[in-house]
Amino acid sequence: MASGRSDATTDADALLAQLRAFEGRPSGPPAEARDEVNQAMIRHWVDAMGDDNPVYVDEESARANGFPGVVAPPTMLQAWIMRGYLSQPDGAWKAQRDASGEASAQEQLFDALNAAGFTSVVATNCDQEYVRPIVLGDRLTVTSVIDSVSPEKHTGLGDGHFVTTRLEFTDQHGERVATMRFRILRFRPQSSRPKDVALRPRPAITHDIAFFFEGARNGTLLIQRCAQCGVLRHPPRPACASCGSFEWDTVTASGRGTVYSFVVVHHPQVAAFDYPLPIAVVELEEGTRLVGDLIGIDPADVEIGMPVVAEMVAVDDELTIPMFRPAVPVGAGRVGAVTGDA
Amino acid sequence: MSPAVGFQDATAIAGIAQTAFSKHLEPTEAELACTVIVDACADAGIDPSEINALCSYTMEATEEVDIVRNIGCGEITFFSQVGYGGGAGCGVVGQAAMAVATGQAEVAVAWRSRKRGSGPRPWTSTSVQLRVPGAWTRPFGMLRPVDEIAMLTRRYMHEYGATRDHLANVAMAVRKHANMNPAAIMHDKPMSREDYMASRWVSEPLCLFDNCLETDGALACVIVSAERARDLRHPPVYVHAFAQGLPPEHQTMVNFFNDDPLTGPAWACARRLWANSAFGPEDVNVAQIYDAFSPLILLSLEGYGFCKRGEAGPMTENGNLEWEKGSLPVNTAGGGLSEAYVHGFNLINEGVRQMRGTSTAQVDGAETCLVTSGEGVPTSALLLRR
C-alpha cells in the first residue's frame with residue numbers, strides 16, 4: 001500500500017514533466033478567418049444573444065459613442081475564427097497537422113493525457129483581453145500556444161490536469177487585437193462512484209458569509225476585514241468586536257499557512273466523504289484560522305506546524321471549498337524505508 | 001467579583017430520581033420525564049401538586065405544559081430553559097435554585113429525559129440544512145462533536161505533551177467507578193489500559209473509549225429552600241454556589257478561531273463560581289466533571305483550578321482521579337463515559353449522593369462536591385455541600 005503510493009507519486013511526477021515539455025509550443029498551425037468582420041454575422045450574434053446595444057449595428061450610434069464605426073461584440077472574438085466540427089472531416093485536432101503531416105503539439109499532448117487515463121474533458125473557463133475594438137472589415141488570424149499544464153488536481157469531477165491554451169488574435173496588419181486564454185480540465189472519469197452520490201453538507205449561505213463561498217468558486221480564499229479598523233476575522237460575521245463597525249470588506253489570502261491542529265476521521269463513516277479523512281485547522285499567514293480538508297498527504301504524515309497551501313476544490317457542481325496541500329512534498333525521503341517495511 | 005446576593009446555601013436539593021439506563025427503553029421521552037419527576041418528588045417527600053417551578057434544557061423534548069398536565073402540578077410561576085446541550089445541566093439546577101432563593105417559587109424541579117441510545121445520531125444526515133456556524137466545519141467532514149473535541153485535544157497534546165496514556169487514565173478511572181455502580185451501563189465491563197489502546201479510532205486522536213455512551217434515560221431533582229429541606233426525608237444537600245460562563249470570542253464546540261482555544265468556557269464559569277463560593281478548588285473533596293469525551297476532564301481540571309495550565313495530564317497519574325485514594329476522585333458513578341450519557345444530569349444526581357453519603361464509590365467524609373457541565377460549549381457549574 002505504502003510503496004504503491006510512492007510509485008504512483010513517481011509516475012505522476014514523470015507524467016507531469018512530460019506534459020510540461022509542451023508548454024510554450026504552438027498548439028497547431030495559425031488559423032485565418034474565412035471572412036472579414038461583417039455586419040451579417042454580427043446581426044446573427046446579437047439577435048441570438050438578445051443584445052440590443054446599437055453600437056454593434058448602427059454606424060451613427062457607434063461614432064456617437066467614440067468608435068470609428070460599427071464594432072463587433074468583444075465576446076464574438078472566437079466566432080470569427082471557429083470552424084464547424086463537421087467541416088473538418090478528420091476531426092478538429094486531426095485537421096491541425098503541420099506541413100510535414102506530423103501531429104500537432106496539442107494532439108500529442110492529448111494523446112499523452114489519454115494514455116495516462118485522463119480521457120474526459122470539460123471546458124472550465126475562458127479569459128479574454130481586448131487591445132482595441134474589432135471593426136467591420138477587420139480580418140483576423142489566430143495563433144495558439146500551449147500556455148500551461150497544471151499538476152494533477154483533485155476535483156469534484158475526478159483527478160485531472162488543467163490545460164490552458166493562449167490564443168493571440170492579430171489583424172490584417174499583423175497587430176495584436178486580443179488575447180484569449182482557454183482552460184480545459186482533462187480528467188479521469190470516476191466509474192466507481194455511483195450516479196446518485198451523497199453530497200457533502202450544504203453551508204447555509206447568508207448575506208454575511210456568501211462572499212466566502214463565492215470567492216472559493218472563483219478560486220480565491222477570502223478573509224473578511226473590518227472596513228473601519230482593519231481587523232481580519234474568520235468565521236465572518238456582521239460586526240467588529242474590536243471597534244463596533246458594521247462595515248466590512250474582504251482581502252484575498254495568500255493561501256499559505258500552517259497546520260494549527262488536525263484530526264483524522266475514521267468511524268462511523270457517512271457516504272459523502274472518503275475515509276480516513278484528515279481535516280485541519282489551518283492558521284493562515286494573515287493570522288486568521290479556518291477549517292479545511294488536507295489533500296495530497298498520507299494522514300500519518302500530517303504534523304502540527306506543517307506549511308500548507310490552499311487549493312479551491314469543487315466537491316460537486318454546487319460547492320467549492322478550500323482544501324490544503326503540503327507546501328513541501330512530504331514523504332519523499334521515506335520511500336526506501338516504507339518500501340522496506342512492506 | 002463579589003458573591004451572588006442571598007444565594008449561598010439558601011437552597012438545597014431534597015429529592016433525586018433516575019430511570020434505568022439502557023441502550024433502549026420502551027417508554028417515550030415524555031413518559032420517562034413524568035415518571036422521573038414524580039419519583040424525585042417521592043424521594044423528597046413532596047407531592048407533585050406543590051411544584052411551581054420547572055427548569056430544563058432547550059434541547060428537552062417534553063415541554064413544561066405537558067409535565068404539568070400529566071403529573072398534576074399546581075400553578076407554575078417560574079420556568080426556564082438553558083441552552084447549549086451538555087453545557088446546560090448545572091445551569092438548569094442553578095436557575096431553579098435562584099428561583100427558590102429569590103422567592104419566585106417554593107418547589108422547583110429540574111430534569112432531563114433523552115432517548116439518545118435508541119434515537120438517531122443527530123449528525124448522520126448530511127442532507128439537512130445546516131445552521132450558519134456549521135458552514136465552517138460540516139462541508140469539510142467535521143460532522144460530529146467528537147471531531148470538534150478531537151481537534152482541540154490534538155492541539156492540547158501538542159502544546160503540553162499530554163499523551164493517550166493520560167486520556168486512558170481518565171477513561172479507566174471513570175470505568176472503575178462504573179464497575180462499582182450497579183446502575184451503570186458499564187457496571188459489568190472492566191477496562192484495562194490494553195483494552196483502551198486496542199479500541200478503534202473514532203476521530204484521531206480520540207478512540208472509542210474516549211467517547212461517552214449513547215443512552216436512553218431520564219433524571220430529575222427537586223430544589224427547595226434550605227430551611228424546608230432540613231425538615232424533609234434526606235439530609236439537605238446545599239446548593240452552595242452556581243455559575244454560568246460564556247467567554248468572549250467563543251464558538252460553540254468549534255472554538256478553534258480565537259487567540260487561545262484551550263481556555264474555554266470552564267475558565268469564565270470557574271471565575272464566577274469561586275467568587276460565589278466560600279471555598280476554593282483546594283477544598284473540593286470529590287468532583288463530577290462533564291465527560292462526553294475524556295479530554296473534557298483534562299480541560300475542566302485546569303479551568304476550575306485543580307491544577308495549573310497544561311498540568312492536567314500528569315494530574316491523572318497514580319490513580320489521582322480514582323476512588324478511594326486519589327486526591328480528587330471524579331465521576332464516582334461512572335460519568336457519561338461509563339454510567340450513562342444523559343447530557344450530564346447523572347453527574348448532578350451523583351453529586352447529591354456523595355453529599356448524602358450514599359454513593360457506590362463514597363468518598364470518605366466528603367463535604368463538598370463540584371459538578372460541572374460541558375466544556376467546549378457555554379457552560380455551568382454547581383458547588384454542592386452537605
Side-chain angles (χ1 to χ4, degrees), chain A residues 198-206 208-210 212-213 216 233-237 241-242 259-283 287-294 299-300 302-305 313 315-316 319-324, chain B residues 120-121 123-159 199-208 210-211 214 247-262 293 295:
Chain A
L199 298 180
R200 289 183 177 222
R202 311 282 95 178
I205 303 293
T206 65
D208 296 329
I209 74 171
F212 182 89
F213 292 96
R233 54 194 199 230
H234 183 86
R237 47 185 147 155
S242 299
V259 172
Y260 178 83
S261 189
F262 68 100
V263 297
V264 183
V265 183
H266 288 265
H267 181 91
Q269 305 186 343
V270 299
F273 298 91
D274 296 324
Y275 296 90
L277 172 64
I279 312 170
V281 171
V282 170
E283 187 162 291
T288 56
R289 297 188 202 117
L290 78 164
V291 170
D293 297 326
L294 291 169
V302 184
E303 288 176 3
I304 288 178
V313 177
V315 294
D316 54 54
L319 182 64
T320 299
I321 54 176
M323 296 189 182
F324 290 88
Chain B
R121 291 169 166 152
W123 47 266
T124 44
S125 172
T126 50
S127 60
V128 294
Q129 180 58 59
L130 297 175
R131 296 172 63 225
V132 169
W136 312 112
T137 50
R138 300 294 191 268
F140 303 92
M142 292 194 74
L143 304 177
R144 312 160 306 172
V146 64
D147 303 318
E148 299 165 336
I149 297 304
M151 191 69 85
L152 286 179
T153 304
R154 175 89 66 178
R155 184 70 198 182
Y156 179 87
M157 294 166 96
H158 172 79
E159 285 200 13
S199 74
R200 67 167 173 264
W201 289 123
V202 173
S203 193
E204 272 182 73
L206 299 183
C207 67
L208 178 65
D210 293 310
N211 286 258
E214 295 175 307
E249 292 294 324
H250 178 70
Q251 289 214 228
T252 303
M253 289 302 287
V254 291
N255 199 40
F256 311 141
F257 310 109
N258 66 12
D259 289 343
D260 188 2
L262 298 178
F293 308 102

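Residue numbering restarts at 1 for every chain, and letters A, B, ... go by the order of the sequence lines. In this text, all values refer to a predicted model and were calculated from it rather than measured experimentally.
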Side chain, backbone, both or neither: which part of [X] has an atom under 4.5 Å from a heavy atom of chain A?
{"X": "B/L143", "answer": "side chain"}
{"X": "B/D259", "answer": "backbone"}
{"X": "B/E148", "answer": "neither"}

Between B/S203, B/A150, B/P139, which shows the greatest number of heavy-atom pairs under 4.5 Å with chain A?
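The candidate making the most pairs under 4.5 Å is B/P139.
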
Name the member of B/M157, B/M142, B/R121, B/R144 that forms the most heavy-atom pairs with chain A at distances under 4.5 Å.
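Among B/M157, B/M142, B/R121, B/R144, the one with the most close pairs to chain A is B/R144.
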
Which heavy-atom pair separates [X] from [Y] by the least distance, and what is that distance?
{"X": "B/R155", "Y": "A/Y260", "result": "NH1-O, 2.9 Å"}
{"X": "A/V263", "Y": "B/D147", "result": "CG1-O, 3.6 Å"}
{"X": "A/I279", "Y": "B/F140", "result": "CD1-O, 3.4 Å"}

Top contributor to chain B interface from [options] [non-hydrogen pairs under 4.5 Å]:
{"options": "A/P236, A/G287, A/P278", "result": "A/P236"}
{"options": "A/P322, A/A241, A/G305", "result": "A/P322"}
{"options": "A/A204, A/A280, A/P201, A/P203", "result": "A/P201"}
{"options": "A/T206, A/I209, A/D208, A/L199", "result": "A/I209"}

Contacts of residues 247-256 of chain B with chain A (heavy atom under 4.5 Å):
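Residues in range: B/E249, B/Q251, B/F256.
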
Test B/R154 against every option in A/V302, A/V281, A/V259, A/I304 by the side chain to side chain contact (heavy atoms under 4.5 Å, CB included) rule and name the one that passes.
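Only match with B/R154 under side chain to side chain contact (heavy atoms under 4.5 Å, CB included): A/I304.
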
Where on [X] is there a heavy atom nearer than 4.5 Å to chain B: the side chain, the backbone, both, or neither?
{"X": "A/F213", "answer": "side chain"}
{"X": "A/T288", "answer": "neither"}
{"X": "A/R237", "answer": "side chain"}
{"X": "A/F262", "answer": "both"}
{"X": "A/P268", "answer": "both"}

Which residues pass the ring-ring contact (aromatic ring centres under 6.0 Å, His included) test with A/H234, sequence neighbours left out?
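Testing A/H234 for ring-ring contact (aromatic ring centres under 6.0 Å, His included), a comparison that skips the adjacent residues, returns A/F212, B/W136, B/F257.
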
Using a 6.0 Å cut-off, check whether atom CD of A/Q269 has over 12 heavy atoms from anything other than its own residue.
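Enclosed: over 12 neighbouring heavy atoms sit under 6.0 Å from CD of A/Q269.
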
Any donor-acceptor N/O pair, [X] side chain to [Y] backbone, under 3.5 Å:
{"X": "A/R200", "Y": "B/G141", "answer": "no"}
{"X": "A/R289", "Y": "B/N258", "answer": "yes"}
{"X": "A/S261", "Y": "B/M151", "answer": "yes"}

